[in-house]
Peer 1: 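Got a structure for you, written out below as structure tokens; questions coming shortly.
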Amino acid sequence: MEEHYDPAAVERAAQAYWERSRSFEVREEKGREKYYCLSMLPYPSGRLHMGHVRNYTIGDVLARFMRMQGRNVLQPMGWDAFGLPAENAAMSNGLPPARWTRQNIEHMRAQLKSLGFGIDWSREIATCDPSYYRWNQWLFLRMLEKGIAYRKTGVVNWDPIDQTVLANEQVIEGRGWRTGALVEKREIPTYYLNITRYAEELLGCLERLPGWPERVRLMQANWIGRSEGCEISFPYAPDTRAAMSAEGALKVFTTRADTLFGVTFMAIAAEHPVALAAATSNPGLAEFIEECRRGSVMEADVATQEKKGMRTGLHVLHPFTGKPIEAWVANYVLMGYGEGAVMGVPGHDERDFEFALKSSLPIVTVVRSKTGAYEEVRAPWIAAYCEHGITVNSGEFSGLEFQAAVDAISASLERRGLGKKRVQYRLRDWGISRQRYWGCPIPLIHCESCGEVPVPDEQLPVALPEDLVPDGSGNPLAKSAAFYQCTCPKCGGPARRETDTMDTFVDSSWYYMRYACPDQGRAMVDERAAYWLPVDQYIGGIEHAILHLLYSRFWTKVMRDLGLVAVDEPFTNLLTQGMVLNHVYSRAAADGRRRYFNPADVRSRRDAAGAEVFETTLPGGETIRVDYQGLGKMSKSENNGVDPEGLVKRFGADTARLFTMFASPPEQTLEWSDEGVQGASRFIRRLWSSVYEHVNRGLPSRLETQALSEPQRGLRRAAHQALAKATDDIGRRRNFNTAIAASMELLNSVGRFDDVSDQDRCVRHEALEIITLMLSPIIPHVAHELWRALGHECAVVDESWPAVDQSAMTQDSVEFVVQVNGKLRGRVRVPAGADEAAIREAALSDEHVMKFVGGRAAVKRVIVVPGRQIANVVASAPAGGQQDG
RNA sequence: GCGAAAGUGGCGGAACUGGUAGACGCGCUGGACUUAGAAUCCAGUGGGGAAACCCGUGAGGGUUCGAGUCCCUCCUUUCGCACCA
């Protein structure tokens, strides 16, 4: 081996070896335990960022570790290649999204290869390839047949100047990002997937996913939001009947049927038919409804906006008392959720309470507090008002506990046909239509005479033309006659092709199945998927905790019900990695806009007063002060990204991998640190020279474990303890940082160890081998070379994970920590296996301990915890032995 | 607003099951080598104190022989909220 570590040469050699030996190309092997290790596929934005490096390093470490444990490991990679950024890029550079995307894929694939990930590239897929997305279309048609896919209207952000639909991200403070126009809500026809049909199963199966982080399961459960309640009809009063020109009732859903007698108003959505009917003869109301239609469709915006309402003048009748109740239009009631109407019970609901105070509506107390927190509801609001209690002022239903009241009221309503118990979900159906070009075409044809006609299977895929360039004013497909002009498959007459494309979450809902059989041209998946599924370990960002993961689970269940796959759940274990952060430096320009400076270009120094100041040098040579803004997610907008390519060039892929694994545990955020990167690089060089100096003196003979000296046994013990820790840290805890720390500690022990005899060198040799194997999943290129240098024919990538020698870890005596009343006061050494009485005796014989106890008479009890090697002496005298000693 | 998480030295983090707080790394200080050092090696490094010791895990309470870890209240930060991926 070379005396000095040259990352470029080492990485070239190792990568060439893996390529030549096809080390990572795997096949289904019946009888061999498989391990499917999957990282979320990247969007081909052009360049890898540190978030990718972190994600794929975690996956690669696990994949290589499991391979060393003897598993048949699949680690594939592909491209989430449809989406908005390609269209945005097209608008600024005029390049068709297809060309831009494929160029990006080329570059990013090379970047991934340079990092040495053990990926089976023969299975690579790109979601923009017709051979992939034809199966999106095929499954969509199956869903249409089963009624899982259907059409209704949906609300979108509309830019009135560009005449185009905007994504939420394109709405900035209520205005279109390009035009600055106030965004409006608009209803358009949309295709939905009936995910709510699976709500119960999606919720129930969460309990059977113990390999998922608890918080992700909680977030999904809350997102699905199952609630048991009651659907109640409030019949139209004569005025509403007249306005609607029909009989009818206003339907609401409530979990608090026990408060039905406290209803003093009804709140309905601006788009509700009753609201629209009232507005025809009420210009003020029409204007208010128009106001509600403005603004964004984002839930966070709706929830934080000021609660406003206006009376309709129309009434409905209370189902029991028959008293008229006025309907109000309220901006916090959404048409898309539930029935688009809620009953207003200001006495026992905080939002209704606020609304009633503002609009001077009456507040009625219909629940008596069980804790006596209140007698009568009056301002200000206290939390106890919405607690369950005993019904009062509720006619025949007074004096009942919560559940009894709900049961009695809903039973009575049901008898009279005015309501029933029902389960409601917060989860809404998945709208998949996008009025965009760069996505998977929805395979439908609209015919004047036949209506909506599915594209026949044999005409799939509906290919997306790849030469169009969007200009920001709507979907180019809708302007491309070559695309939309077609003949109706049913009647053969002229027809128009659907020009909406699918949400890109469709693409990513099943790509992991396709990796099993990417070359299958006749079916979506084949029997190879049965071998590889489910994914054993999935790794990706926490930001996907709800949507992508829920959609994938749904898609899997649909495919299962169609008999395409056998699994209920796609991902057995989930690891959600944290974000990569870096410092943010900026300077406010004269116009108030902030300009951001990359941390690599910022220097720190002390000013005359000793305070730390930050400076950067402009291209013109001028040095200016910049403001430190703390840590932020690496992003283009804050100009605080670190380019992985430069990092690999300067330090090598192994340093990049080691640093990202060492700086923090995978689930937490990772703070970038140039000094930390240098520390990682330094450690690799130290390891390199340790091995170099060792093998340079020739390889030692065989280790004889039976006749070792005390120092030899000490190093062996350290080596096997470190190995045991790393095995557990990587295999069970997924804490790579502590596994690396254990390796560093072991290398420190190796450095302190003097070798004079051949057996000394054998012990050192074993320790170096253990470090090399332990670190090989993390720094595979360096390990490849060191393993060869340590005298092995077999490449380290094909070696097994070493076994811990339990006998190496035994000790003759153990140290116990002795506390007095919980404070550390001494340490005693006892023979290994000493019983509790002996440990107690040793503890009480310690002079320093006794000083704090204040004599044996003061000892009340002694608690010995053998597994923790700690003993606590509980003494009656106060700790702090001065007065006794 | 709703939902979810996280707060430990100068910094990243460790302490896994309620049992020695600060492993490992960075930075800093001192020393060695060197013409030189942003290279390498050695030693020290939570705060206070001469020491004995005392104090320390966002704040305040509680449970326990013992709390960074469990419970309650509060503060701060981050993530998600359905058309970014």
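Computation of the quantities below employed the complete heavy-atom set of this structure, encompassing side-chain atoms and omitting hydrogens, waters and symmetry-equivalent molecules. Sequence lines set the chain letters: A, B, ... in the order given, protein chains first and strands last, and positions in each chain run from 1. In this text, all values refer to a predicted model and were calculated from it rather than measured experimentally.
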Peer 1: Let me spell it out: for each of A:Lys307 and A:Leu427, pick the nucleotide of RNA chain B with the closest heavy atom. Which residue's pick is nearer the 5' end?
Peer 2: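 On the 5' side of the pair lies A:Lys307.
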Peer 1: Can you measure A:Ile870 atom CD1 to B:C65 atom P for me and round it to whole angstrom units?
Peer 2: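 To the nearest whole Å, that distance equals 15 Å.
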Peer 1: Could you tell me which nucleotide pairs with B:A32 by Watson-Crick or G-U wobble geometry, both distances under 3.5 Å, or answer none if nothing does?
Peer 2: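 Because both required distances fall under 3.5 Å, B:A32 counts as paired with B:U40.
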Peer 1: Now, which nucleotide makes the Watson-Crick or G-U wobble pair with B:A51, with each of the two distances under 3.5 Å?
Peer 2: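 Base partner found: none.
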Peer 1: When you measure from the side-chain N and O atoms of A:Arg436 to the phosphate of B:C84, is any distance below 4.0 Å, counting only OP1 and OP2?
Peer 2: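 It does not, given that no N or O in the side chain of A:Arg436 lies less than 4.0 Å from OP1 or OP2 of B:C84.
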Peer 1: My understanding is that a pair needs two contacts under 3.5 Å, Watson-Crick or G-U wobble. By that rule, which nucleotide pairs with B:G7?
Peer 2: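 Check on B:G7: paired to B:C75, both distances under 3.5 Å.
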Peer 1: Using Watson-Crick or G-U wobble geometry with both distances under 3.5 Å, which nucleotide pairs with B:G1?
Peer 2: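 B:C81 is the nucleotide pairing with B:G1.
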Peer 1: Looking at B:U20, B:G12, B:A85, which one has an atom nearest to any side-chain atom of A:Arg827?
Peer 2: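 Nucleotide nearest to A:Arg827's side chain: B:U20.
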Peer 1: What's A:His848 touching, base or sugar-phosphate or nothing? Going by heavy atoms closer than 4.0 Å.
Peer 2: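 The answer is sugar-phosphate, as A:His848 gets under 4.0 Å only of primed atoms, P, OP1 or OP2.
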Peer 1: Can you tell me the Watson-Crick or wobble partner of B:G19, both distances under 3.5 angstrom?
Peer 2: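 Across all strands, the one nucleotide that pairs with B:G19 is B:C65.
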Peer 1: At under 4.0 Å, does any side-chain N or O of A:His4 touch on OP1 or OP2 of B:A39?
Peer 2: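 It does not, given that no N or O in the side chain of A:His4 lies less than 4.0 Å from OP1 or OP2 of B:A39.
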Peer 1: Think A:Asn222 has a side-chain N or O under 4.0 angstrom from the OP1 or OP2 of B:A4?
Peer 2: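 Indeed, a polar side-chain atom of A:Asn222 lies that close.
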Peer 1: For B:G12, which nucleotide is its Watson-Crick or G-U wobble mate, given both distances must be under 3.5 Å?
Peer 2: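 B:G12 is paired, partner B:C24.
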Peer 1: Would one find a side-chain N or O of A:Arg682 under 4.0 angstrom from OP1 or OP2 of B:C26?
Peer 2: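 Indeed, a polar side-chain atom of A:Arg682 lies that close.
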Peer 1: When you compare B:G68 with B:C16, how far apart are their P atoms, in angstrom units rounded to a whole number?
Peer 2: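 It comes out at 12 Å once rounded to the nearest Å.
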Peer 1: Return yes when atom NZ of A:Lys860 has more than 12 non-hydrogen atoms of other residues, nucleotides or ligands closer than 6.0 Å, and no otherwise.
Peer 2: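 Counting neighbours around NZ of A:Lys860, 12 or fewer heavy atoms of other residues, nucleotides or ligands fall under 6.0 Å, so no.
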Peer 1: Quick check on B:A85: is either OP1 or OP2 less than 4.0 Å from any side-chain nitrogen or oxygen of A:Thr504?
Peer 2: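 Result: yes.
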Peer 1: Sequence neighbours left out, what passes side-chain hydrogen bond (donor to acceptor under 3.5 Å, both in side chains) with A:Tyr538? Give chain and number order.
Peer 2: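 Partners of A:Tyr538 by the side-chain hydrogen bond (donor to acceptor under 3.5 Å, both in side chains) criterion, ordered by chain and then number, come out as A:Tyr511, A:His548.
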Peer 1: State whether a side-chain donor-acceptor pair under 3.5 Å links A:Asn136 with A:Trp510.
Peer 2: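 Yes, side-chain donor-acceptor contact under 3.5 Å.
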Peer 1: Given the rule in the side-chain hydrogen bond (donor to acceptor under 3.5 Å, both in side chains) test, do A:Arg685 and A:Ser681 qualify, once you have shown the distances and angles that lead to the verdict?
Peer 2: CA-CA 6 Å; A:Arg685 289 199 303 270; A:Ser681 173; 2.9 Å; yes
Peer 1: Please confirm whether the shortest side-chain N or O distance from A:Arg215 to OP1 or OP2 of B:A4 is below 4.0 Å.
Peer 2: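 False: A:Arg215 side-chain N/O out of range (4.0 Å or more) of B:A4 OP1/OP2.
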Peer 1: For the residue pair A:Arg54 / A:Ser664, report whether a side-chain donor-acceptor contact shorter than 3.5 Å exists.
Peer 2: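 Present: a donor and an acceptor within the cut-off.
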Peer 1: Do any side-chain nitrogens or oxygens of A:Lys823 fall under 4.0 Å of OP1 or OP2 in B:G56?
Peer 2: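 Indeed not, no polar side-chain atom of A:Lys823 lies that close.
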